[in-house]
Amino acid sequence: MTIAQVIVDVPSLGTDRVFDYSIPKKWEGMIQPGMRVAVPFGPRSIQGFVVRLNEHTDVEKIKNIIQPLDLAPVLNEELLQLGNWMTRETISYKVSVFHAMLPVAMKAKYEKIIRKKDDASLFLDELLEGKQEISWKEAEKRNLLPALYKEIQSGNAEVIYFVKNRARKKLKRVVELTVEKDKLEELLHALPSNAVNQKKLVFHLLQSNNGMSEAADLAKKAEVPASAIKALVKKGILSEHMVEEYRDPYEHKDFKKTSPLPLTNEQQTAMKPILQSIEQQSHETFLLYGVTGSGKTEVYLQAIQEVIKQGKEAIVLVPEIALTPQMVERFKGRFGSDVAVLHSRLSIGEQYDEWRKIQKKEVKVVVGARSAIFAPFEHLGIIIIDEEHESSYKQEEIPRYHARDVAIKRGEYHQCPVILGSATPSLESFARAQKGVYHLLTLSKRMNDRAMPPVSVVDMREELRSGNRSMFSTELFERIKDRLQKKEQTVLFLNRRGHSTFIMCRDCGYVMQCPHCDISMTYHRSSNEMKCHYCGFQTGVPTECPECSSNHIRYFGMGTQKVEEELVKLLPEARIVRMDVDTTTRKGAHERILEHFQSGKADILLGTQMIAKGLDFPNITLVGVLSADTTLHLPDFRAAEKTFQLLTQVSGRAGRHELLGEVVVQTYTPEHYSIQLAAMQDYQRFYNEEMSMRKIGSYPPFYYLALVTVIHEDLLQVVTVTEKISSFLKSNISKEAILLGPVASPIPKINNRYRYQCLIKYKREPNLFSALRKILEHYNPQTSRDGLSITIDINPYNMM
DNA sequence: AGCACGCCGACT
DNA sequence: GTCGGCGTGCTC
């Protein structure tokens, strides 16, 4: 008997291990490790992943696998191994890790139905209105469950559990000629004279060249109803069958074929060691540090070309917001149909189909966001992470992995190079490059030798002092007007959407807070309501102060919405487009706005984060950063780094082509080194400066971090538990490690639940992970019963 | 995570 | 007496 060891689809501590199942004879040899199966688990049936086959088992009451859910493994040997490693490194459950590796369509849906038995009672017949079965949901809705319970207990009905496979393939109907073309002429005459449409169709087939075509398509082209095709199928002239079809998100797009560009000297120098690593099939991590516009992408493209030439495959990771059609175009343009694209804006079905192209080895390259790092290639030749410093490579849900770590792990397995590319590398990566752990490659010149645009920093305190209370400094405003006149384009950047950040009473200083969270509420103009961005609580806008009844309520802070209103008022002749989460939710909105701007139908593009990347339009000659401080004062040790990166990134949008560009940065803290050095485009000095700050604060890259957050509705309980965890950790880690806490989280209450945390800073702590696991085990009873929640984030990016 | 089982208080 | 509340422990 063959035994399958299965990881079941139950993310909990008690079930985070293999369960043995016997494989029924009919599937012996067919069921393999890496396949999904449906298995009985307690009274239900659920999904599971086979991780190993075995000859024997110690389990006495073993059950059969119900059925396989795949025809071929969805996780290969490498990914199963990688799963083990990730489980250890992120302290999460195996199933969660497996799900993170696969398209969402492979996550099972469960369904329960109540089915009547043969010898059912009359009463039950009445309940089910004569039907055989009813879905659990339906019964619940119609409040039939109490009555049905009794019927189940007395054996008149039973509960049946289903595992529903959501991974549906799209099918299309195609027809094919079964006779030789020269026979068609005869057939045309043999058809009855009243079969006008059939004749028309045969005539069309005579003229067209190819044998196989999609049924719906053919009907349209021949201008006949579908029934004509059916008739010919019936007569045996056409044969009909279903063919699997991919949902192609880029179906209606033509990609202009491009060929390799000649490389600059710098690019060639950078290329050499990469090619060497590809050729020698040795793993090495490269940090490609190249200023904006230095041609990193061309290096990627030519390295991939070499990999493909060797018959191997490539993964390219790009931050989610940078996955614009422009970016996709560059890869599809070079490698055509060899490219699959994976990101979360595709539908579940589209994601599944792109994934299947990879699994079936129909593509050589995948370009995608974070989770594309798990692309099931078996002969990886290179992994590229563009904009390496982006925080979106860290997953903020369980399993909290970093795509960079996974990339390097896979690079080791496949013995292939990993390239981390950035104009503003993360401190972690640059430090590793300095130490020689990564191989540093530098592109210091822009491709067309164009100088970086001059950046001027405007002190907004000065503006205020000289009586300018608007959100535009005189300098920025004059320049916008100048561009309008010259018919050149302006990009305005503000890292905050919405209207106003908070409202405050001028008399007593009251700021409206969310009653469920420790955070001020945001004013939304469109709905004219106050909203909490953390729990979604909404309430009306007060007309008088709840504290002192004054009516001097004023709006503070600005979002993109407010800036837009202001611009319309000040520059009524300007054509403005706004781009932020609120204007890009609908599918394709992103592309439409950019297209609109690119074609010159707007003068000013106003937006958040998402316009900082990839924009490359020749007519942009002015970039304005309305408030450089927004990211700077967050309670996050990476705040300065993020600010520097963002400013550098945004500045790079101006003057990329013939026209010269300039950048205006508005700030209340012009003396801060991240703003100063970003204005001077001096990464190296910023790196040195920031490194000394990190050293003083004992932060990465000098230390690793682990963050434990305790959440519960009872404050006392939260504090007690966090204290206990803290002292337990203290006795389990070495003297070299630093333990901070317990302290309240930066947002101490969300959704009426208090949050406390402790932070561990460490260098080498072999016992830390097992200590953290012990904490989870110890509090497991309380977590499941008492609503206590403990989260562990290894190397957190979001400290909230 | 779900689900059954089992033990207690509140009604028919 | 029975119904149904939720604490406890198990799932190959």
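A note on names: the letters A, B, ... follow the listed sequences, proteins ahead of strands, and every chain is numbered from 1.
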Distance, rounded to the nearest Å, where Ile46(A) contributes CD1 and dC3(B) contributes P | 11 Å
Which is it for Asp793(A) and Lys394(A) under the salt bridge (Lys or Arg N to Asp or Glu O under 4.0 Å) test, yes or no, and what are the steps along the way?
-> CA-CA 11 Å; Asp793(A) 194 346; Lys394(A) 170 71 195 284; 2.6 Å; yes
Separation of Asn780(A) atom CG from dA1(B) atom C1', in whole Å?
-> 11 Å
Just how far, in rounded Å, is C1' of dA4(B) from NZ of Lys112(A)?
-> 12 Å
Do Phe41(A) and Phe19(A) have their ring centres less than 6.0 Å from each other?
-> yes
With heavy atoms under 4.0 Å as the rule, sort Tyr161(A) into base, sugar-phosphate or nothing.
-> sugar-phosphate
Contacts of type salt bridge (charged side-chain N to carboxylate O under 4.0 Å, His left out), residue Arg88(A), not counting sequence neighbours | none
Pairwise 5' ranking along DNA chain B for Tyr149(A) and Thr783(A), keeping only the more 5' one = Thr783(A)
Checking all strands, does Phe41(A) fall into the base, sugar-phosphate, or nothing category for heavy-atom contacts under 4.0 angstrom?
-> base
Contact interval (first through last nucleotide) of DNA chain C with protein chain A, 4.0 Å heavy-atom = dT8(C) to dC12(C)
Interatomic distance where CD belongs to Glu158(A) and P belongs to dC3(B) [whole Å] | 16 Å
Cation-pi between Arg638(A) and Tyr797(A): NZ/CZ under 6.0 Å from ring centre and within 45° of the ring axis?
-> yes
Aromatic ring centroids of His778(A) and Phe728(A) under 6.0 Å?
-> no
N/O donor-acceptor pair under 3.5 Å between Glu388(A) side chain and Ser426(A) backbone | yes
Distance in angstrom units between Asp9(A) CG and dC3(B) P, rounded = 13 Å
What integer distance in Å separates Ile160(A):CD1 from dC3(B):C1'?
-> 17 Å
Find the distance Gln47(A):CD to dA1(B):P and express it as a whole number of Å.
-> 17 Å
Rounded distance (nearest 0.5 Å) linking atom OG1 of Thr709(A) with atom CD1 of Ile792(A) | 9.5 Å
Can you tell me the distance, in whole Å, between the CG atom of Leu776(A) and the P atom of dA1(B)?
-> 12 Å
For Pro781(A), answer base if it contacts any base atom (sugar-phosphate contacts may also be present), sugar-phosphate if it contacts only those atoms, and nothing otherwise; contact means non-hydrogen atoms under 4.0 Å.
-> nothing
